[in-house]
Amino acid sequence: DLDKIAEIGLDPVDISIKSAEAFLEQLCRHGFFHSDPHPGNISVEKGPDGGARIIFYDFGMMDSFGQRERKGFVDFAFAVYYDANVKDACDALERMGMLRTGPDLDRVAIERVGQDFIDR
């Protein structure tokens, strides 16, 4: 509700950044995350410093990310968003078990499609 956010004096960009940071910290640092993030389970309020404070509700749907998945996710994110390296991105997906390997897999074709997404 952008009108309500403006009414209480919060910055939507600050809310977006803090939301992304909260989920990335859950996934990458703790490996335990809220897996039902919809408007009924997340709220925002003005914190003591005047900035946005994210509030999570209803912890009935939580899940975990193992060490392999956490490292793979971080490697994937860096490969795509920092290095723009499709080979490293595909390697990270393989290590996480999200991209299978084998003689019937055309890795070159997959990397071409991945490069198209990175280039956009």
Side-chain angles (χ1 to χ4, degrees):
D1 184 349
L2 290 174
D3 292 333
K4 185 68 172 174
I5 288 170
E7 181 182 310
I8 61 174
L10 294 177
D11 177 9
V13 173
D14 181 46
I15 294 168
S16 299
I17 290 168
K18 287 180 177 170
S19 295
E21 287 173 344
F23 277 100
L24 287 171
E25 183 166 336
Q26 289 174 45
L27 286 170
C28 300
R29 183 178 304 236
H30 304 292
F32 188 67
F33 60 96
H34 195 297
S35 57
D36 192 21
H38 60 77
N41 287 345
I42 301 174
S43 186
V44 64
E45 68 179 3
K46 187 178 262 190
D49 64 354
R53 180 164 54 185
I54 307 297
I55 305 165
F56 289 92
Y57 300 107
D58 187 1
F59 298 97
M61 289 184 65
M62 303 293 290
D63 207 345
S64 60
F65 237 25
Q67 182 65 35
R68 182 182 81 172
E69 290 85 5
R70 290 195 323 250
K71 175 152 181 24
F73 178 75
V74 170
D75 290 347
F76 176 79
F78 270 89
V80 171
Y81 297 108
Y82 185 76
D83 297 328
N85 185 319
V86 71
K87 182 185 178 317
D88 288 349
C90 287
D91 289 346
L93 291 173
E94 278 184 8
R95 285 192 301 275
M96 288 190 293
M98 297 179 75
L99 180 62
R100 64 183 175 83
T101 60
D104 62 331
L105 186 78
D106 186 352
R107 173 74 183 252
V108 173
I110 292 169
E111 288 180 8
R112 283 186 187 144
V113 170
Q115 189 64 55
D116 184 53
F117 280 100
I118 287 174
D119 291 343
R120 289 175 189 239

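Below, all heavy atoms of this structure are taken into account, side chains as well, without hydrogens, waters or symmetry copies. Please read all numbers here as calculations on a predicted model, not as lab measurements. Nothing fancy with the numbering, it's 1 onward along the sequence.
The side chain to side chain donor-acceptor pair (under 3.5 Å) test applied to Asp88 returns Asn85, not counting sequence neighbours. Listed by chain and residue number, Lys18 satisfy the side chain to side chain donor-acceptor pair (under 3.5 Å) test with Asp14 (two or more places apart in sequence, or in another chain).
For Met98, the CE atom is loosely surrounded, since the number of other residues' heavy atoms within 6.0 Å does not exceed 12. Within a 6.0 Å sphere centred on CZ of Phe117, heavy atoms belonging to other residues, nucleotides or ligands number 12 at most.
Shortest non-hydrogen contact noted between Asp58 and Asn41 is CB-OD1, 3.2 Å. Nearest heavy atoms, Ala52 versus Val44: CB-CG2, 3.7 Å. Scanning both residues, Met96 and Glu69, for their nearest heavy atoms gives SD-O, 3.6 Å. Contact detail for Tyr57 and Gly40: the closest heavy-atom pair is CD1-O, 4.2 Å. For the residue pair Arg53 and Pro48, the shortest heavy atom distance occurs at NH1-CD, 3.9 Å. Nearest heavy atoms, Ala92 versus Gly72: CB-O, 3.5 Å.
Side-chain contact of Arg70 with Gln67: a donor-acceptor pair under 3.5 Å is present, judged by distance alone. Side-chain contact, Glu25 with His30: a donor N or O sits under 3.5 Å from an acceptor N or O.
Side-chain contact between Glu94 and Arg107 is present, with heavy atoms from C-beta onward closer than 4.5 Å. Taking 4.5 Å as the limit, every side-chain heavy atom of Ile55 sits out of range of all side-chain heavy atoms of Ile42. Residues Phe73 and Leu24 meet the side-chain proximity criterion, which asks for heavy atoms closer than 4.5 Å.
Leu27 and Ile54 are not part of a single hydrophobic cluster, where members link through side-chain heavy atoms under 4.5 Å apart. Under the 4.5 Å side-chain heavy-atom criterion for Ile, Leu, Val, Met, Phe, Trp and Tyr, Leu10 and Leu2 are members of the same hydrophobic cluster. Tyr81 is connected to Phe76 through a chain of hydrophobic side-chain contacts under 4.5 Å among Ile, Leu, Val, Met, Phe, Trp and Tyr, so both are in one cluster.
Remark: the backbone N or O of Ile8 is paired with a side-chain donor or acceptor of Lys46 at under 3.5 angstrom. At least one donor-acceptor pair under 3.5 Å links the side chain of Arg68 to the backbone N or O of Arg95. Distance alone, capped at 3.5 Å, places no donor-acceptor pair between the Ser64 side chain and the Phe32 backbone.
Separating the SG atom in Cys28 from the CD atom in Glu21 is a distance of 12.0 Å, to the nearest 0.5 Å. In this structure, CZ in Phe33 is found 9.5 Å from CZ in Phe23, a value given to the nearest 0.5 Å. Here the straight-line distance linking atom OG1 of Thr101 with atom CG of Leu93 works out to 12.5 Å at 0.5 Å rounding. We find the CG-CG distance between Asp91 and Asp75 to be 9.5 Å, quoted to the nearest 0.5 Å.
Using a 30° and 60° split on the angle between ring planes, His34 and Phe56 fall in the tilted class, from 30° to 60°.
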side-chain contact (heavy atoms from CB on, under 4.5 Å) between Arg112 and Gln115: does it pass, once the steps are laid out? CA-CA 5 Å; Arg112 283 186 187 144; Gln115 189 64 55; 5.7 Å; no

Under the salt bridge (charged side-chain N to carboxylate O under 4.0 Å, His left out) rule, what do Lys87 and Asp83 come out as? Steps first, then yes or no, please. CA-CA 10 Å; Lys87 182 185 178 317; Asp83 297 328; over 6 Å; no

